[in-house]
Amino acid sequence: MELSKRQQQIVEIVKNNGPITGEHIAERLSLTRATLRPDLAILTMSGILEARPRVGYYYSGKPKNKLIADQLKQYIVKDYASHPVVVKSEMTIYDAICTIFLEDVSTLFVINNDGDFMGVCSRKDLLRASMIGEDIHTMPVNIIMTRMPNLHFVLEDERVIHAANLMIEKEIDSLPIVTKKENGKYEVKGRVSKTTISKIFVSLFNE
Ligand code: ADP
């Protein structure tokens, strides 16, 4: 977040004189309290200044990257979920390749006839099967997919930062967002990918 010249002046005044009331900040800038109100609101909402009733404003002392980290920690995966591309486990490798092209995704999530999450099939899994000469027109994806207990996923209320860490640690491009079913299995509700993380990163510059 880029601070305006006046906001920078306010931060300096509060840094050197805090805690200080809004009235006193206004006096030092030869402005009215009302004129400063939007600036003070921005500075407190962004966490740069803190306000205590009857005491005044003081500088939070948090470095900018800590403020961004504090904000990012609030993000929950379900608020950033994208559409998951889900296929049945008996789909042929050929059809899975067509689906991955048509849907323009890097990973398919595989389910059984009850809708239980069974596996993940990525571009490279499909490429590998094609390269080693499998009969891609008859062989189903469940033969080549990554399956339980090796699947990584996140629950709807988990944090975006947890998903990002998991993708880096496991060296994978995306994660299904799941809910637990009554039968103890998981249902795929959404998808979070490295693209999701890039979009969030870019959005921070547009706020
Ligand atoms: P690719 O290498 O095809 O670009 P990934 O890096 O996502 O795509 O996948 C690498 C390997 O990890 C593949 O074998 C894939 O099946 C597996 N994989 C991808 N996503 C997951 C996941 N969420 N859980 C477990 N394994 C996964």
Side-chain angles (χ1 to χ4, degrees), residues 65 68-206:
N65 59 354
I68 295 171
D70 283 349
Q71 189 180 345
L72 284 176
K73 266 194 238 153
Q74 316 291 329
Y75 293 4
I76 303 296
V77 286
K78 73 166 174 239
D79 297 331
Y80 297 90
S82 53
H83 173 67
V85 180
V86 175
V87 302
K88 289 273 177 68
S89 53
E90 62 263 29
M91 178 182 264
T92 64
I93 294 173
Y94 179 82
D95 284 345
I97 292 171
C98 295
T99 308
I100 229 164
F101 269 97
L102 288 173
E103 300 279 356
D104 198 17
V105 285
S106 62
T107 313
L108 302 174
F109 302 130
V110 184
I111 57 168
N112 65 12
N113 285 329
D114 296 327
D116 303 332
F117 175 42
M118 303 299 287
V120 166
C121 192
S122 78
R123 281 176 298 211
K124 240 179 267 166
D125 296 331
L126 296 167
L127 206 53
R128 192 183 303 114
S130 311
M131 283 170 67
I132 58 178
E134 298 291 2
D135 184 359
I136 61 172
H137 290 279
T138 56
M139 187 179 275
V141 283
N142 68 24
I143 303 289
I144 62 161
M145 69 187 187
T146 302
R147 61 188 64 241
M148 290 287 189
N150 299 320
L151 294 176
H152 309 294
F153 49 82
V154 285
L155 296 166
E156 286 186 305
D157 287 327
E158 288 192 279
R159 292 177 192 280
V160 169
I161 188 65
H162 166 65
N165 274 324
L166 200 54
M167 285 190 280
I168 291 171
E169 188 191 320
K170 304 297 176 190
E171 298 183 355
I172 51 180
D173 291 344
S174 69
L175 291 165
I177 301 172
V178 300
T179 51
K180 198 156 192 174
K181 297 173 68 176
E182 276 180 7
N183 65 2
K185 303 281 172 62
Y186 293 98
E187 182 179 345
V188 179
K189 295 282 195 176
R191 179 171 69 101
V192 54
S193 66
K194 286 183 176 169
T195 306
T196 317
I197 308 298
S198 304
K199 282 185 180 161
I200 292 175
F201 177 76
V202 169
S203 75
L204 291 173
F205 292 86
N206 300 329

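Order of appearance sets the numbers: ligands from 1, and atoms from 1 within every ligand.
Under the 3.5 Å distance criterion, with hydrogens and angles disregarded, a donor-acceptor pair is assigned to the side chains of S193 and T196.
In this structure, CG on D157 lies 12.0 Å from NE2 on H162, to the nearest 0.5 angstrom.
For the pair K189 and E187, the salt-bridge criterion is met [side-chain N within less than 4.0 Å of a carboxylate O]. In summary, D173 and R123 engage in a salt bridge, as defined by a charged side-chain N under 4.0 Å from a carboxylate O.
Residues V105 and H83 fail the side-chain proximity criterion, which asks for heavy atoms closer than 4.5 Å. Looking at I177 and P84, their side chains never come closer than 4.5 Å, going by heavy atoms from C-beta outward.
Residue-level proximity to ligand 1 for D125 is carried by the side chain, the only part with a heavy atom below 4.0 angstrom. Under 4.0 angstrom from ligand 1, the non-hydrogen atoms of N150 all belong to its backbone.
Of all atoms in ligand 1, listed by their number and element, those nearer than 4.0 Å to a heavy atom of V120 are 16 (O), 18 (N), 19 (C), 20 (N), 21 (C), 22 (C), 27 (C). Every atom of ligand 1 with a heavy atom of E171 under 4.0 Å away is listed here by number and element: 6 (O). Near R123, meaning under 4.0 Å from any of its heavy atoms, are these atoms of ligand 1: 3 (O), 4 (O). The ligand atoms of ligand 1 that sit less than 4.0 angstrom from a heavy atom of P176 are 23 (N). Atoms of ligand 1 lying under 4.0 Å from at least one heavy atom of H152, given by number and element, are 22 (C), 23 (N), 24 (N), 25 (C).
Considering backbone and side-chain atoms together, D173 places an N or O closer than 3.5 Å to an N or O of ligand 1. In terms of polar-atom proximity, defined here as any N/O pair under 3.5 Å, S106 makes no such contact with ligand 1.
Within the structure, the closest approach of S174 to ligand 1 falls below 4.0 Å when heavy atoms are considered.
Of all protein heavy atoms, the one lying nearest to atom 12 (O) of ligand 1 is I172 CG2, 3.5 Å. Distance from atom 26 (N) of ligand 1 to its nearest protein heavy atom, with residue and atom name: T146 CG2, 3.6 Å. At the top of the distance list for atom 1 (P) of ligand 1, counting protein heavy atoms only, stands S122 OG, 3.7 Å.
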side-chain contact (heavy atoms from CB on, under 4.5 Å) assessment of M167 paired with I197: CA-CA 10 Å; M167 285 190 280; I197 308 298; 3.9 Å; yes
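Taking the six-membered ring where tryptophan is involved, the planes of Y186 and F153 are tilted, since the angle between them lies from 30° to 60°.
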